[in-house]
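Data block below; observations after.
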Number of protein chains: 2
Amino acid sequence: MKKSTAKADAKTSPRERIVSTACALFRSHGIRGIGVDAIAQAADTNKMTLYRHFGSKDDLVCETLKVASSKAAALWDDLSTRFPGNPRAQVDGWVSARVDCLASEPYGCDLANAAVELKESDHPAHALIESFKTAQRQRLEELCREAGLSEPELLADTLSMLLEGARVSRIATGDQGPAARFERACRAAISAHAARVEEAGVGH
Amino acid sequence: MKKSTAKADAKTSPRERIVSTACALFRSHGIRGIGVDAIAQAADTNKMTLYRHFGSKDDLVCETLKVASSKAAALWDDLSTRFPGNPRAQVDGWVSARVDCLASEPYGCDLANAAVELKESDHPAHALIESFKTAQRQRLEELCREAGLSEPELLADTLSMLLEGARVSRIATGDQGPAARFERACRAAISAHAARVEEAGVGH
DNA sequence: CATAGGTGTGACCGGTCGGTAACAAGCATC
DNA sequence: GATGCTTGTTACCGACCGGTCACACCTATG
């Protein structure tokens with residue numbers, strides 16, 4: 001009678017429900033802004049079950065960040081299957097994919113938001129966040145290098161900063177702020193690094 | 001005897017002490033991570049005095065954000081006095097100033113951090129943050145235009161995103177992450193917009 | 001000396017937080 | 001039917017939160 005908030009009906013385990021619910025609530029209320037009891041109730045279960053699966057709230061936070069990380073990994077797989085053996089197309093596809101994310105996800109990056117929100121420097125989430133962000137940047141740099149773009153480290157860092165900046169700009173000033181020109185800024189940066197290759201006689 | 005934590009001795013008023021202490025503690029612990037009582041004690045006063053000057057914690061938050069805004073305004077004044085009538089030098093000076101800020105302030109932008117942390121969309125701080133960020137971007141765009149750089153809106157947004165991205169990257173991955181190449185990325189973007197002007201036969 | 005305004009003190013309020021204990025209920029397997 | 005595992009329920013704990021109260025204090029001005 002009081003059971004389903006359209007979540008418990010499915011055969012999803014309590015654990016899965018807790019994680020996905022926590023993801024959503026951390027996003028909308030902030031990690032510090034929502035309590036474990038509210039998460040458990042929203043996931044159609046209770047606090048005791050939550051604590052049987054996750055030793056602490058911090059553990060649950062880390063789990064949700066791992067989920068967010070794995071979703072980002074799926075994006076890379078999608079790129080390499082859609083443009084196999086064409087790294088330059090993958091770079092362009094990365095921009096397009098990020099534009100789409102930006103439009104559909106106004107809340108910024110879960111990992112970056114957690115980094116801002118969790119000030120305790122020894123929080124286990126920080127290690128997760130750092131390794132994730134570093135890996136993303138590394139992968140982007142390799143892609144730029146494979147695509148024959150000049151100064152792949154600089155270009156990867158530029159694109160990384162543009163993306164990160166676009167996401168926090170969306171939070172602060174909405175989609176009519178600097179984020180509105182994210183795509184143009186990325187394309188311009190990429191073409192600049194492509195042009196320099198041609199000038200050096202390497203490319204095309 | 002127990003009075004000074006090296007703060008109350010000076011003739012600064014309790015109000016000033018509260019604001020400056022709150023700025024520091026919000027930065028190090030997060031707005032949600034520090035209580036009004038702890039702020040009052042760290043400012044060598046008490047909670048009652050705090051509430052006599054600020055009606056609520058939210059009011060105090062807004063006040064600290066206004067202080068942060070005014071510090072940013074001082075940076076613009078400094079630029080225009082150091083390079084009067086030379087907008088292009090001011091653009092370059094903006095980059096240098098931001099590089100310095102980035103190196104000395106590892107905690108990111110107070111305003112942006114507050115925007116991430118405060119999820120209640122009706123929080124009075126959000127209006128402050130939006131108007132501040134919009135004004136910063138606007139001023140940068142005007143400067144780029146005066147400097148004769150092409151597509152000043154795109155360049156201003158690019159620089160804004162690079163700055164914002166560099167600041168959150170510093171939080172997530174330290175000063176060896178993408179933020180390490182913030183200056184090079186900015187200079188490259190600026191010179192690209194300068195080059196296009198020359199190509200069009202306008203400049204120099 | 002009297003007054004008044006800003007300040008300090010400590011207790012208090014209701015609420016929420018993360019986390020735990022004890023016990024009942026469901027459910028599959030043997 | 002008995003076993004054991006996962007779940008649900010309720011109450012509880014100590015701590016902290018934002019915010020208020022009543023009252024004492026200090027100091028400057030009249």
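Protein chains get the first letters and strands the later ones, always in sequence-line order, with residue 1 at the start of each.
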Under 4.0 Å protein heavy-atom contacts per nucleotide of nucleotides 13-25 of chain D, with B for base, S for backbone only and - for none: ----SBBBBB---
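To the nearest angstrom, P of C/dG6 lies 16 Å from CD of B/Glu16. A/Leu50 has its CG atom 11 Å from the P atom of D/dG8, to the nearest Å. Atom-to-atom, CG of B/Asp44 to C1' of C/dT7 comes out at 13 Å; the value is rounded to the nearest Å. Atom NE2 of B/His53 and atom C1' of C/dG6 are 7 Å apart (whole Å). Residue A/Asn46 contributes atom CG, which lies 18 Å from atom P of C/dC23 at whole-angstrom precision. Remark: C1' of C/dT16 and NE2 of A/His29 are 14 Å apart, rounded to the nearest angstrom.
Checking the phosphate oxygens (OP1, OP2) of C/dG8, a side-chain nitrogen or oxygen of B/Thr49 falls inside 4.0 Å. Residue B/Thr45 has a polar side-chain atom (N or O) positioned under 4.0 Å from OP1 or OP2 of C/dG8.
Annotation: side chain to side chain contact (heavy atoms under 4.5 Å, CB included) contacts of A/Val116 (sequence neighbours excluded): B/Asn113, B/Val116, B/Ile171. Take A/Glu117 and apply the side chain to side chain donor-acceptor pair (under 3.5 Å) test, not counting sequence neighbours, and it matches no residue. For A/Ala135, the side chain to side chain contact (heavy atoms under 4.5 Å, CB included) criterion is met by no residue, not counting sequence neighbours.
For the salt bridge (charged side-chain N to carboxylate O under 4.0 Å, His left out) condition, the pairs that include at least one residue of residues 103-115 of chain B, sequence neighbours left out, are B/Arg27-B/Asp110. For residues 48-62 of chain A, the set of pairs meeting the salt bridge (charged side-chain N to carboxylate O under 4.0 Å, His left out) definition, not counting sequence neighbours, is empty. Sorted by first and then second residue, the salt bridge (charged side-chain N to carboxylate O under 4.0 Å, His left out) pairs with a member in residues 77-88 of chain A read A/Asp78-A/Arg82, A/Arg88-A/Asp92; sequence neighbours excluded. Here side chain to side chain donor-acceptor pair (under 3.5 Å) pairs that include residues 173-190 of chain A, with residues two or more places apart or in two chains, are A/Ser96-A/Arg187, A/Arg181-B/Asp157, A/Glu183-A/Arg187, A/Arg184-B/Glu151.
Salt-bridge formation is detected for the pair B/Arg167/B/Glu164: a Lys NZ or Arg NE/NH1/NH2 atom is positioned less than 4.0 Å from an Asp or Glu carboxylate oxygen.
A side-chain donor-acceptor contact under 3.5 Å links B/Gln90 to the backbone of B/Phe83.
Taking a 4.0 Å limit (strictly below) on heavy-atom distances, residues 60-68 of chain A does not reach DNA chain C anywhere.
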